[in-house]
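Just below is one structure, and these are the notes that go with it.
Remember, it's a predicted structure, so these values are computed and weren't measured experimentally. Per chain, numbering begins at 1; letters A, B, ... match sequence-line order.
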Amino acid sequence: MKFSAQQIAAALNGVIVGNTNVEVSSISKIEEGKKGSISFLANPKYTHFIYSTNASIVIVNDDFEPTTTLNTTLIKVKNAENAFAQLLEMYNQVKLAKTGISKHAFIHESATVGKNVYVGEFAVVAENAKIGDNAKIYPQVYVGENVSIGENTTLFAGVKIYSDGVIGADCIIHSGTVIGSDGFRFALQDGGKKVPQIGNVVIEDNVELGSNCSIDRATIGSTILRSGVKLDNLVHIAHNVEIKENSYLAANNVIAGSTTIGKNCMFSGQVGIVGHLTIADNTIIAAQSGISKSITTEGTAVMGSPAMEVTKYRKNYIHFRNLSSIVDKLYELEKTLLGKKV
Amino acid sequence: MKFSAQQIAAALNGVIVGNTNVEVSSISKIEEGKKGSISFLANPKYTHFIYSTNASIVIVNDDFEPTTTLNTTLIKVKNAENAFAQLLEMYNQVKLAKTGISKHAFIHESATVGKNVYVGEFAVVAENAKIGDNAKIYPQVYVGENVSIGENTTLFAGVKIYSDGVIGADCIIHSGTVIGSDGFRFALQDGGKKVPQIGNVVIEDNVELGSNCSIDRATIGSTILRSGVKLDNLVHIAHNVEIKENSYLAANNVIAGSTTIGKNCMFSGQVGIVGHLTIADNTIIAAQSGISKSITTEGTAVMGSPAMEVTKYRKNYIHFRNLSSIVDKLYELEKTLLGKKV
Amino acid sequence: MKFSAQQIAAALNGVIVGNTNVEVSSISKIEEGKKGSISFLANPKYTHFIYSTNASIVIVNDDFEPTTTLNTTLIKVKNAENAFAQLLEMYNQVKLAKTGISKHAFIHESATVGKNVYVGEFAVVAENAKIGDNAKIYPQVYVGENVSIGENTTLFAGVKIYSDGVIGADCIIHSGTVIGSDGFRFALQDGGKKVPQIGNVVIEDNVELGSNCSIDRATIGSTILRSGVKLDNLVHIAHNVEIKENSYLAANNVIAGSTTIGKNCMFSGQVGIVGHLTIADNTIIAAQSGISKSITTEGTAVMGSPAMEVTKYRKNYIHFRNLSSIVDKLYELEKTLLGKKV
């Protein structure tokens, strides 16, 4: 795919300063720019790179004026960062465009497949499953019985969805992620007998799940990820959890059973939350924190394991860092005043 | 699948109070009960829901007497919770019943497949592998060379078992779980040369493994999970680990090489245990704890990283929560008594 | 596979003491040695086992002299441990030898496949992918568009590599590992709109990745694992991370975006590192530590979350273990001296 400065300026509604015919076929960072690539400059910290970059085109804010001559062609736009993001999106749309049902896929005769769908090699679409229009089912994906996949949703290679899962529209689910495995429930008073897990998983629209996540089905009812939820890689969501709209869980969060997480939360990596809690909207949790009690006040930021309010944690932790000298001071004080031998 | 109150009461050995002909086709919680569903009431906290539920049938303990009229049909049994669990199990058995070898599976001619086995699409059963009677091998599973799978065991879609793995009877292994990958051993004194991993993994009967677990083969000998062991999702078991009977490891436990874990242990989520330790029977470990020394006394409960006895940890942690004010008190004391300026 | 003492001694350049014709077909630890197996003795702690082992052959250092009669045949070599490792390697090479393209694999007509390659059942090699000589692509692997796989590299069953990934020579990647999934980046100021991830992953030579790892592609540019890097299972590597030569990350490390890790680092299990940091060469990080600041001094060893220098952490943590009695002492001191009532 080759594009000229003219084509790109037209797409981004920009103005060319330089060679309107120069062509690019790849995208680079300004500090790593190669001939034939396009880059952007938005952060003033990087301005000096524009004088040495080999990128053939650089998108800049329209108030950018070079202080010396440039070897690159500029495309001036209102907001260089946004325009570049727009360009990346266009690039990705072309790159990830896929359609057609592979003859090496297995689609059960009772399944329903929408228009303009991609189903890759060795994918399985089981009994009564429904695939919405424009969905992309990559190779080796398993779509279990009665599963429904919304429009425009992408399941990358090897995603596994157990029976009865409901996936909304415009979702992206990365490779290795498992949806609908059994919750971890055993009747200890009954010799560890398995508690049957007959619920399902419901994922609303515009949700993205990273790779190798594990989302368990509900014991009864549904484990629910609401619209706009984003999970990074290796996240565990236990049975009957609900995560409300637009919450972000970074890599390797572990959420135990029947916990409800509010809207617009932001959890850093490796956070753990015990079961049967309620976490308020807009909660912020620092990396590696452990949450053992419900958080009821919206907008709280916590840290530690077990967690406390973040500024309190930091204050206490500073003293922990000096605990050895603090204790020395205590012993010294004791010695001086009581004549005790330490 | 539709069942009448009469059929269900017969199966559960219960007594109907209400409409014996009412039919249900799904299962619900009492607080979410819909017409056409069956629910149960055991916890007195939920009793008030029985007067408003839309569930068509509710299973109750035989001493339950409504205080006003009901819109639902009751099935009275000795123990409502157990009867409901029994019902769920029956439901799941019907739902998960599967048999037959897909013509899209690959089964090596040297492999042995028992009676009444299910092998799904694009599953691979490699050289000399043995599949026991009534086993269920879901689509896209890989059963490596010389692997043996016991009777009634289920491998959900995409499970991967490396060569020489031995899986017992009545096991359930969830999607994405990998059994028999190489242990993480390199000869640092020899430029990081890989130490060959030629052992295997042995999993006894009645073991359940969650999704996306990683169980490494032994360097020499076997990594062993004894009968009744249950692992939640995203658990790491390194080479040469042994976990004894009926121990439970919650999500994302990480057990390093050559450690032995006793019987009937209960570990919460995100626990880490270093290598070459021995953990006594009945040990309880709190979430996110890190175990760096063997635990020799049975029934110990520990917490923290590195871990200590749980009540001791909690006591110390209360002081950590107040460390800032404790230190203030120390400085104040010092100032008052010595006239020192802080 | 059966081998005689004579064959093995010849391969290892050793001297036989005992029966030159005895044959073995398996490998065991000396303490678990069975008839027909070969073992070794290097650690003096295990010397007593040689008098009771049932192993048919034991490899020993050439200065070993039994103090009583033995039932086993010895092969004396310069260094028993190395010789045994060499034997294991030979065994594994025979055992893991595989070649040939399964007729059940899917290889796109535009893909290039080298000499002596193995491609297993239901593997996918997509458009323009390149597979180097002697590479082994196990069943159900996905090799995406434009991916290149170096010579002698092994991808075990179910590995998924997204488009444009570059994998070097002599690499081993274990089952369930995903390479090239999207980085976790959303424009929060723009309603959580996805930031397109158009970079790739580059893995150099002689890298080993455990099972169920997640290695994200770069937003722009490359996520890079340099030669000799080794990752254990369930490791998360975010977008634009670079890990330099010969660093070792144990199980379940979580490395956030754009962080650079130096050469020859050693991280224990469950370590977390936040984004945009630089970690110096030869850094050692204790298990479960959380790194929130760059480490600039080579050879530093750290511990804790947030981490500090390891000896400092241990010293402080000893006081934390006794915090309750330390605080008691403070209160006592206060009471004694000020007559305050606690």
Exercise. Does any non-hydrogen side-chain atom of C/Ile38 lie less than 4.5 Å from one of C/Phe3?
Worked result: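 Result no, sub-4.5 Å side-chain heavy-atom pair not found.
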Do you know which of [options] has the most heavy-atom pairs with chain C at a distance under 4.5 angstrom?
{"options": "B/Ile220, B/Leu188, B/Ile161", "value": "B/Ile220"}
{"options": "B/Gln288, B/Lys194, B/Lys315, B/Gln270", "value": "B/Lys194"}
{"options": "B/His104, B/Gln197, B/Gln140", "value": "B/Gln140"}
{"options": "B/Asn322, B/Ile215, B/Leu234, B/Asn212", "value": "B/Asn212"}

Which bit of [X] is near chain B, if near means a heavy-atom gap under 4.5 Å: side chain, backbone, both or neither?
{"X": "C/Glu208", "result": "side chain"}
{"X": "C/Ser175", "result": "both"}
{"X": "C/Glu89", "result": "both"}
{"X": "C/Tyr317", "result": "side chain"}
{"X": "C/Leu249", "result": "backbone"}
{"X": "C/Asn246", "result": "neither"}
{"X": "C/Lys98", "result": "side chain"}
{"X": "C/Leu231", "result": "backbone"}

Sort [X] into side chain, backbone, both or neither according to what part of it lies under 4.5 angstrom from a heavy atom of chain C.
{"X": "B/Val195", "result": "neither"}
{"X": "B/Val235", "result": "backbone"}
{"X": "B/Leu323", "result": "side chain"}
{"X": "B/Ser292", "result": "neither"}
{"X": "B/Ile326", "result": "both"}
{"X": "B/Ala105", "result": "backbone"}
{"X": "B/Val271", "result": "backbone"}

Problem set entry | Polar side-chain atom of B/Thr219 near backbone of B/Gly199 as donor-acceptor pair, under 3.5 Å |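 No; judged by distance alone, with no hydrogens or angles, the pair does not exist.
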For this session: Mark yes or no for whether C/Ser289, through its side chain, and C/Gly304, through its backbone, hold a donor-acceptor pair below 3.5 Å.
Result: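 Such a contact is found between C/Ser289 side chain and C/Gly304 backbone.
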Exercise. Who wins among C/Lys230, C/Met303, C/Glu32 for the most heavy-atom pairs under 4.5 Å with chain B?
Worked result: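 Option with the top pair count is C/Lys230.
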Problem set entry | Residue among C/Tyr248, C/Tyr91, C/Tyr138 with most heavy-atom pairs under 4.5 Å to chain B |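 Answer, by heavy-atom pair count under 4.5 Å with chain B: C/Tyr248.
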For this session: Would you check if there is a donor-acceptor pair between the side chains of C/Asn233 and C/Ser211 at a distance under 3.5 Å?
Result: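 On atom types as modelled, these side chains qualify, holding a pair under 3.5 Å.
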Problem set entry | Side-chain H-bond candidate by donor/acceptor type, B/Ser222 with B/Asn200, under 3.5 Å |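 Per modelled atom types, B/Ser222 and B/Asn200 side chains form a pair under 3.5 Å.
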Problem set entry | Close aromatic pair by centroid cut-off 6.0 Å: B/Phe106 and B/Tyr142 |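 Centroid separation for B/Phe106 and B/Tyr142: 6.0 Å or greater.
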Within a radius of less than 6.0 Å around [atom1] of [X], do more than 12 heavy atoms belonging to other residues, nucleotides or ligands occur?
{"X": "B/Arg321", "atom1": "CZ", "value": "yes"}
{"X": "C/Phe49", "atom1": "CZ", "value": "yes"}
{"X": "B/Glu309", "atom1": "CD", "value": "yes"}
{"X": "C/Lys136", "atom1": "NZ", "value": "yes"}

Exercise. Run the side-chain hydrogen bond (donor to acceptor under 3.5 Å, both in side chains) check on B/Ser181 and B/Asp216 step by step: do they pass?
Worked result: CA-CA 5 Å; B/Ser181 41; B/Asp216 283 348; 2.7 Å; yes
Problem set entry | Shortest non-hydrogen separation from C/Ala287 to C/Ser268 and the atoms involved |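 What the structure gives for the nearest pair is N-CB, 3.3 Å.
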Exercise. Is the closest basic N to carboxylate O distance between C/Lys95 and B/Asp164 below 4.0 Å?
Worked result: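 Result for this pair is yes, salt bridge flagged.
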